[in-house]
There are 2 protein chains.
Amino acid sequence: MTESPAALTVRARTAYHHGDLRAQMIAAVRDLVETHGPEGFSVAEAARRAGVSSAAPYKHFKDRAEILRGVVGEAMDRLRTAMETGAATYPAGSVEAVAAVGLAYISFARTEPGVFRLSFGLTEGHENDPDLQAKGERTFDVVVRCAAACLGLPPEDRHVQTCAYMLWCFAHGHSFLTIDNKRSTADSRIDDWTYLLTAARAILGQPVRG
Amino acid sequence: MTESPAALTVRARTAYHHGDLRAQMIAAVRDLVETHGPEGFSVAEAARRAGVSSAAPYKHFKDRAEILRGVVGEAMDRLRTAMETGAATYPAGSVEAVAAVGLAYISFARTEPGVFRLSFGLTEGHENDPDLQAKGERTFDVVVRCAAACLGLPPEDRHVQTCAYMLWCFAHGHSFLTIDNKRSTADSRIDDWTYLLTAARAILGQPVRG
DNA sequence: GGGGTAAAGTTAGCAACTCTTACTTCCCGG
DNA sequence: CCGGGAAGTAAGAGTTGCTAACTTTACCCC
């Protein structure tokens with residue numbers, strides 16, 4: 001907050017002895033969750049990896065659940081930007097742009113299944129966190145805007161909202177079923193892009209009702 | 001108690017001291033998972049509820065994960081029968097029958113979110129269990145048969161498989177987003193039935209491609 | 001009935017984990 | 001240079017997963 005060595009002070013405020021343990025904990029947890037599954041994570045092990053005592057993390061996080069929330073919050077940000085850049089690679093208003101958003105979603109789930117599961121499947125206490133809920137809404141807005149552009153309707157339109165939600169359902173379900181290995185071998189032969197494009201066309205091609 | 005007829009002997013084989021601890025453990029775990037979330041379950045607490053020592057469950061289950069697998073297996077059976085009876089309430093081949101299957105799926109998720117999450121979201125070691133995988137396939141077959149009847153094609157048809165999978169994705173995603181409280185208030189105003197019927201029409205109404 | 005056997009339960013205990021408390025170390029502003 | 005506070009440590013309470021060694025119980029066969 002003091003302005004003398006502006007940028008450095010801000011960094012030093014959180015760095016200190018160790019060098020921003022908060023960020024390093026989140027990184028360590030991400031790694032653990034990815035390699036050992038969302039359950040196979042412990043504060044103790046993450047602290048060990050960060051090279052600090054097992055009590056140190058509690059100076060930065062209230063409890064275990066808050067660490068998870070930190071990881072999820074950071075993941076949500078990355079997911080949203082991935083979706084936005086995905087949409088930007090196709091003409092605004094095209095079905096392809098919608099499918100690209102879904103592809104970004106599924107790619108995230110594929111490359112970081114642990115964190116993805118953590119973000120959605122688990123309810124270790126972050127199910128009603130207002131901060132994360134807000135981030136979730138912002139992420140959903142990306143889908144809404146793309147659907148609106150594609151349908152030529154304002155984002156507030158009820159039909160747009162419904163379609164966007166249906167698209168989200170589809171991508172979400174597909175992501176989970178894929179990383180949970182629940183798909184039969186027959187399903188796995190078709191690639192994500194075909195699936196997404198087909199779904200987007202099916203859902204957005206519907207007549208406006210109600 | 002000592003009757004020595006065959007039927008009683010079979011029961012006594014599993015009953016014994018306590019009265020089928022295996023089943024009581026599964027019931028206790030179901031209850032715990034439902035009230036405290038999928039994470040907030042411990043073998044110790046479940047044993048406490050069943051009125052036995054914390055080591056007793058290990059006479060029936062290899063480890064914690066096997067207990068979970070037991071719960072999931074039992075849940076899968078109930079889910080499948082619910083889906084089958086759902087389909088049976090509408091004329092075979094109707095879109096409504098397909099939607100009813102989805103409704104059974106979502107209703108299960110709504111009434112038993114903990115067990116549902118346990119069955120799908122978590123990967124505590126049951127992700128590759130062949131027994132559960134087989135049960136999963138049988139459950140999916142219900143969707144496939146309904147979709148086939150609706151499309152007037154054999155269940156082995158590629159298009160049927162794809163449509164069934166898409167329907168599953170939708171129901172699965174909708175279930176998770178609902179129980180995870182990820183839906184915006186706008187979405188929650190539409191009921192499950194309308195959603196499902198719309199989705200089924202959109203997906204099954206697609207032209208046969210490939 | 002009386003013993004052998006195996007299932008089902010017990011207590012005791014280890015290692016690991018979460019989180020708290022009390023103490024130490026280090027940086028920074030006045 | 002010194003006091004305050006942030007960031008760390010060590011030690012410990014309490015819970016958990018699971019194992020080992022033991023006891024109790026019901027059944028089978030003679």
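Just so it is clear: chains get the letters A, B, ... in the order the sequence lines come, proteins before strands, and each one is counted from 1.
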Collect all protein-nucleotide pairs involving nucleotides 18-20 of chain C in which both atoms are nitrogen or oxygen and the distance is under 3.5 Å.
unit_1 : atom_1 : unit_2  : atom_2 : d
C:dT18 : OP1    : A:Val43 : N      : 2.8
C:dT18 : OP1    : A:Arg64 : NH1    : 3.2
C:dT18 : OP2    : A:Val43 : N      : 3.2
C:dT18 : OP2    : A:Ala44 : N      : 2.9
C:dC19 : OP2    : A:Tyr58 : OH     : 3.1
C:dC19 : OP2    : A:Arg64 : N      : 2.8

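- Between A:Pro57 and the options A:Met25, A:Gln24, A:Arg22, a side chain to side chain contact (heavy atoms under 4.5 Å, CB included) holds for only A:Met25.
- Between the CD atom of A:Gln24 and the P atom of D:dG8 there is a distance of 10 Å, given to the nearest Å.
- Checked against the 6.0 Å centroid threshold, A:Trp193 and A:Tyr90 count as a close aromatic pair.
- Between the CG atom of A:Leu32 and the P atom of C:dC17 there is a distance of 10 Å, given to the nearest Å.
- Overall bending of the helix from C:dG1-D:dC30 to C:dG30-D:dC1, expressed as the angle between end axes built from five pairs apiece, is 0° (10° steps).
- Atom CZ in A:Phe61 sits about 14 Å away from atom C1' in D:dA7, given to the nearest Å.
- In this entry the distance linking CE of B:Met25 with P of C:dA8 reads 14 Å, nearest Å.
- Ranking C:dC17, D:dG8, C:dA8 by closeness to the A:Leu21 side chain, first place goes to D:dG8.
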Where do A:Asp77 and A:Arg80 land on the salt bridge (charged side-chain N to carboxylate O under 4.0 Å, His left out) test, with the steps shown first? CA-CA 5 Å; A:Asp77 289 338; A:Arg80 199 193 63 253; 3.6 Å; yes

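- Atom CG of B:Asp20 and atom C1' of C:dA7 are 13 Å apart (whole Å).
- The salt bridge (Lys or Arg N to Asp or Glu O under 4.0 Å) search around B:Glu34 returns none, not counting sequence neighbours.
- A donor-acceptor contact closer than 3.5 angstrom links the side chains of A:Tyr165 and B:His174.
- Looking at A:Ser54 and A:Val43, their side chains never come closer than 4.5 Å, going by heavy atoms from C-beta outward.
- Between B:Tyr105 and B:Phe120, the two ring planes are tilted [angle within 30° to 60°].
- Distances shown here put a side-chain N or O of A:His60 below 4.0 Å from the OP1 or OP2 atom of D:dG8.
- No more than 12 heavy atoms of other residues, nucleotides or ligands lie within 6.0 Å of CZ in A:Arg138, so this atom counts as exposed by the packing criterion.
- What separates CZ of B:Arg48 from P of C:dT10 is a distance of 13 Å, to the nearest Å.
- If you take NZ of B:Lys59 and C1' of C:dT11, they are 12 Å apart, rounded to a whole angstrom.
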Run the salt bridge (charged side-chain N to carboxylate O under 4.0 Å, His left out) test on A:Asp192 and A:Arg110 for me, step by step, so that the C-alpha distance in whole Å, both residues' side-chain angles and the decisive distance to 0.1 Å come before the verdict. CA-CA 11 Å; A:Asp192 293 334; A:Arg110 277 207 140 102; 2.3 Å; yes

